[in-house]
Amino acid sequence: MTLRLTNTLTRRIELFEPLVPGQVSIYCCGVTVYDLCHLGHARSYIAWDVLRRYLIWSGYQVTFVQNYTDIDDKILGRAAEEGSSMQAVSERNIEAFVADMARLNILPPDRMPRATQSLDAIRSLITELEAKGAAYSADGDVYFAVMKHAGYGKLSGRDLAEQQDNAAGRVASAEEDRKQHPFDFALWKGSKPGEPSWESPWGPGRPGWHIECSAMVREELGDTIDIHLGGADLIFPHHENEIAQSEAASGHELARYWLHNGMVNVGGQKMSKSLGNFTTIRALLDSGITPMTLRLFTLQAHYRKPLDFSSEALEAAATGWKGLNAALGLASTLTLGAAPACPPALAASRQRFAAAMDDDLNTAAALAVLFELAKPLRALANRLERGDSSAAEEAQAPELVDQGQLLLELAGVLGLQSETEAKTTTTSPGPSDAEIQAQIEQRQAAKAAKDFPAADGIRDGLRAQGIELIDRPGGITEWLRG
RNA sequence: GGCGGCAUGGCCAAGUGGUAAGGCAGAGGAUUGCAAAUCCUUUACCCCCAGUUCGAAUCUGGGUGCCGCCUCCA
């Protein structure tokens, strides 16, 4: 396979070659657990889940680490608001995060370290940076000295010399005064009274945001990893600072490939808490949008491009998913019998899928292959649902069984799975089969008497109870729940 | 101001030199008492201008518009 990925570091598409053949180490920047996750997070983690699944499908052994930032001003703020503790807020949101990711069929990371559980690694990394002259302490804080680190700005394309006088907009503050350069950032913050704090050589305090990732990457995966993931909004300063810290300490390149996903926009603007234009994952899923619809919606766009969120686009995805789901549902019932060798036509589909994914994870193009594979299956599924007897025979065709198998396999790479069960779990009791049958007979009688208003009235009444009538040739009426 | 990205049919969105994937919506047809659902068919010269080329949505230059980052953010 020849996977090529856009590397933010070089701003180019590069052939992906892991450090150790056959193995891939990945670190993904996780969430700050001060609130529920929104669509932006969903988009990001779905994209990386697909990367991971594709690598596994391609035969790689993947180690995927993703952190929780559970020390942060916003968590503290939230705890103060509700009169609880930083830990309580974190625990609650971690629980919600795990549940949300599971609903979206995102594979759990192999390890999920937390800042609060990585203090030793953090402190020793800061100590090391201080010893190497890359950091300095001031009034209980410790800062990273960007001027001492050659290469600062290489990820985000920033030039320190040019940016020097560009600090005009920065608010003058006590912290700014302590810094030697406006871009210097805190590795350790001395604690204020009442705040949670940890002991350290610099006094009680807590770690800065960027250092935890550097420490966790090193502790979990080593000095150099294959792929580092995150949202495009993390490029500067977070990832830039992470690189500076890690590389200043180890002397080795932190990550060989940096991948960043585009933002989710609403009405042309980034979805964010501060703008108040966000929709949480659970609000969306609870409103009736299925997890797979959401997955399909995000995968229809390339992961690096901004994705516009609108209810119209989501509805389109929902309708699109309905068709794909029907095909997947049928395919999963056709698994009986030994699958013959993949016919040439299907081999071509498989190749087109792989070629699309190899091309910087072009999931939109890969989905086109799925839709094409799904088309005949979906049509057959619809005929079967209507009791078309000739369809049952066609479903025996080995080519179709094969096609279904391939569809299931490729959909699985994108984390798409049939949602057939979800529908039947609706709790509304509705009329019994016998009642429905009686209604249908009444309608037949009305139709025979050309009393169409009455016939339509019966049909509308049933529809209101979630029963859809389907008139088939020959005067037979089928019905479907839901 | 600095850095980066994007502009393709009604909407979303692939395509990076050879005459435009896919999804949704729409239209026509089949079917129907009418519908719904389903099936079949069908709809674009790619923001503007100039250039390179036998040939460009695709490369170069200029312009216009939009977005992200530069403070926390997936």
Side-chain angles (χ1 to χ4, degrees), chain A residues 8 11 13 28-32 34-35 37-48 69 72-74 77 153 156-159 162-163 165-171 182-183 209 229-238 240 260-265 268-275 278 296-297 299-302 304-310 312-324 352 356 359 362-372 374-375 378-379 381-383 385-386 388 446-447 450-453 455-456 459-460 463 468-473 475 478 480:
Chain A
T8 306
R11 295 191 194 104
I13 293 192
C28 177
C29 272
V31 284
T32 300
Y34 74 102
D35 206 347
C37 286
H38 58 65
L39 257 176
H41 301 101
R43 196 265 171 108
S44 181
Y45 296 123
I46 288 171
W48 307 141
T69 296
D72 174 83
D73 283 341
K74 283 184 178 155
S156 56
R158 259 153 254 259
D159 185 276
E162 280 180 17
Q163 303 272 317
D165 51 64
N166 200 14
R170 286 173 178 265
V171 186
F183 276 14
W209 175 35
L229 305 171
D233 51 359
L234 296 183
I235 294 171
F236 189 90
H238 184 55
E240 192 71 62
H260 292 97
N261 65 273
M263 301 293 100
V264 171
N265 290 168
Q269 279 192 309
K270 177 181 165 183
M271 177 177 285
S272 74
K273 297 277 182 193
S274 50
L275 284 169
F278 62 92
L296 182 64
F297 171 66
L299 294 177
Q300 274 181 309
H302 187 91
R304 287 178 48 245
K305 285 198 179 182
L307 174 63
D308 253 307
F309 171 72
S310 68
E312 295 78 28
L314 209 54
E315 274 171 36
T319 314
W321 168 245
K322 224 174 93 186
L324 214 44
R352 279 203 298 139
D359 182 18
N362 189 341
T363 51
L367 275 170
V369 177
L370 295 204
F371 276 108
E372 283 162 23
K375 198 172 182 183
R378 183 185 58 191
N382 285 323
R383 285 166 58 202
E385 194 174 48
R386 271 138 217 282
D388 184 334
K447 278 171 72 177
K450 304 274 181 201
D451 184 0
F452 296 121
D456 291 349
R459 181 171 63 196
D460 293 344
R463 182 176 295 150
E468 240 2 274
L469 296 189
I470 302 156
D471 289 335
R472 296 208 296 109
E478 303 277 340
L480 292 171

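Here is the naming used below: chain letters follow the sequence lines, and residue numbers restart at 1 for every chain.
- Nearest heavy-atom pair across A:Leu307 and A:Ala301 is CD1-CB, 3.7 Å.
- In terms of modelled atom types and a separation under 3.5 Å, the side chain of A:Ser44 and the main chain of A:Gly40 share no donor-acceptor contact.
- Taking atom CD of residue A:Gln300 and atom C1' of nucleotide B:rG22, one finds them 8 Å apart after rounding to whole Å.
- No contact: A:Glu315 has no heavy atom under 4.0 Å from any strand.
- Within 4.0 Å (heavy atoms only), A:Phe297 reaches no atom of the nucleic acid at all.
- A:Phe278 is not listed as a side-chain neighbour of A:Leu39, based on a closest heavy-atom distance of 4.5 Å or more.
- Within the nucleic acid shown, A:His238 has no heavy atom closer than 4.0 Å to any nucleic acid atom.
- In this structure, A:Asp308 and A:Gly268 approach most closely via the heavy-atom pair OD1-N, 3.5 Å.
- The base of B:rC34 is paired with the side chain of A:Arg459 by a donor and an acceptor separated by under 3.5 Å.
- The backbone N or O of A:Asn362 lies less than 3.5 Å from no partner atom in the side chain of A:Asp359, so there is not a single donor-acceptor pair.
- Applying the Watson-Crick and G-U wobble criteria (two distances, each under 3.5 Å), B:rU32 pairs with nothing in any strand.
- Per the geometry, CD belonging to A:Glu372 stands 6 Å off P belonging to B:rG22, to the nearest Å.
- Residue A:Gly40 is classed as a base contact, given a heavy-atom separation below 4.0 Å to a base.
- The separation between A:Phe371 atom CZ and B:rG23 atom P is 7 Å, rounded to whole Å.
- Side chain of A:Arg11, nearest nucleotide from B:rC39, B:rA74, B:rG4: B:rG4.
- Minimum atom distance to the side chain of A:Ser44 is reached by B:rA74, of the listed B:rG23, B:rA35, B:rA74.
- Straight-line distance between the C1' atoms of B:rG15 and B:rA7: roughly 15 Å, to the nearest whole Å.
- Around the NZ atom of A:Lys273, the shell of radius 6.0 Å holds more than 12 heavy atoms that belong to other residues, nucleotides or ligands.
- Comparing the same atom, C1', in B:rG22 and in B:rA13 gives a spacing of 8 Å after rounding to whole Å.
- Residue-to-nucleotide proximity on RNA chain B shows that, of A:Ser156 and A:Thr32, the 5′-proximal contact is made by A:Ser156.
- Distances from the side chain of A:Lys447 to the nucleotides B:rA14, B:rG22, B:rG33 place B:rG33 closest.
- With B:rG68, B:rC72, B:rA74 as the choices, the nucleotide that has an atom nearest any side-chain atom of A:Lys74 turns out to be B:rC72.
- Using the Watson-Crick or G-U wobble rule with both distances under 3.5 Å, B:rU42 pairs with B:rG26.
- Between B:rC69, B:rA21, B:rC70, one nucleotide has an atom nearer to the side chain of A:Asp233 than all others, and that is B:rC69.
- Looking at heavy-atom distances under 4.0 Å, A:Asn362 makes contact with sugar-phosphate atoms alone, never a base.
- As the counterpart of B:rA74, no nucleotide is assigned, since no Watson-Crick or G-U wobble pattern has both distances under 3.5 Å.
- Across the strands present, B:rG68 finds its partner in B:rC3; the criterion is a Watson-Crick or G-U wobble pair with both atom distances under 3.5 angstrom.
- In this entry B:rU60 has B:rA50 as its Watson-Crick or G-U wobble partner, both defining distances falling under 3.5 Å.
- For the pair A:Trp321 CH2 and B:rC12 C1', the computed distance is 18 Å after rounding to whole Å.
- Looking at A:His38 and A:Phe309, their side chains never come closer than 4.5 Å, going by heavy atoms from C-beta outward.
- When the side-chain nitrogen and oxygen atoms of A:Asn382 are compared with OP1 and OP2 of B:rC39, one or more of them lie within a distance under 4.0 Å.
- When the P atom is compared between B:rU16 and B:rC49, the two are found 24 Å apart, to the nearest whole Å.
- For A:Ala365, the side-chain atoms get nearest to B:rA14 when compared with the rest of B:rA74, B:rC70, B:rA14.
- Rounded to whole Å, the separation between the P atoms of B:rG23 and B:rA57 comes to 24 Å.
- Distance from the side chain of A:Val264 is smallest to B:rA74 among B:rA25, B:rC69, B:rA74.
- If you check every strand for non-hydrogen atoms under 4.0 Å, A:Leu234 touches sugar and phosphate atoms only.
- With rounding to whole Å, A:Leu370 atom CG is found 18 Å from B:rA21 atom P.
- Per the geometry, CG belonging to A:Asn261 stands 14 Å off C1' belonging to B:rG5, to the nearest Å.
- Counting any heavy atom pair closer than 4.0 Å across all strands shown, A:Phe452 reaches a base atom.
- Here the closest non-hydrogen pair linking A:Ala365 and A:Ala356 is CB-CB, 3.8 Å.
- Comparing A:Lys273 and A:Ala379 by the nucleotide of RNA chain B that holds the closest heavy atom to each, the one mapping nearer the 5' end is A:Ala379.
- Using bins of under 30°, 30° to 60° and over 60° for the plane-to-plane angle, the ring pair A:His41/A:Tyr45 lands in the parallel bin.
- Within the 4.0 angstrom heavy-atom criterion, base atoms lie near A:Asp456.
- Comparing atom distances between the A:Lys375 side chain and each of B:rC40, B:rG22, B:rC39 picks out B:rC40 as nearest.
- Rounded to whole Å, atom P of B:rC66 lies 21 Å from atom CG of A:Leu307.
- At the heavy-atom level, A:Val369 lies nowhere under 4.0 Å from the strands shown.
- Across all strands, A:Leu469 comes closer than 4.0 Å to base atoms (heavy-atom distances).
- Taking atom CZ on A:Arg304 and atom C1' on B:rG15, their separation rounds to 15 Å, with Å as the unit.
- Using a 4.0 Å heavy-atom criterion, one finds that A:Asp359 contacts the sugar-phosphate atoms exclusively.
- Using a 4.0 Å cut-off, no side-chain N or O of A:Asn265 falls inside it from OP1 or OP2 of B:rG68.
- Across B:rU60 and B:rG9, the matching C1' atoms stand 28 Å from one another, rounded to whole Å.
- Across the C1' atoms, B:rU58 and B:rA21 are found 15 Å apart, a figure rounded to whole Å.
- Taking the side chain of A:Thr319 as heavy atoms from C-beta on, and the options B:rC69, B:rG22, B:rC24, the nearest nucleotide is B:rC24.
- B:rA20 is unpaired under the Watson-Crick or G-U wobble criterion, no partner having all donor-acceptor distances under 3.5 Å.
- Side-chain nitrogen and oxygen atoms of A:Lys270 include at least one within less than 4.0 Å of the OP1 or OP2 phosphate oxygen of B:rC69.
- Within the nucleic acid shown, A:Gly153 has no heavy atom closer than 4.0 Å to any nucleic acid atom.
- Separating the C1' atom of B:rU53 from that of B:rG18 is a span of 12 Å, rounded to the nearest Å.
- In the set B:rA21, B:rC70, B:rA74, the nucleotide with an atom closest to the side chain of A:Pro237 is B:rC70.
- For B:rA14, the OP1/OP2 oxygens have a side-chain nitrogen or oxygen of A:Lys305 closer than 4.0 Å.
- Base engagement by A:Ala364 is indicated by at least one non-hydrogen atom pair under 4.0 Å involving a base atom.
- If you take atom P in B:rU42 and the same atom in B:rC24, they sit 16 Å apart, rounded to whole Å.
- Judged purely by atom type and a 3.5 angstrom limit, A:Arg43 has no side-chain atom pairing as donor or acceptor with the backbone of A:Pro306.
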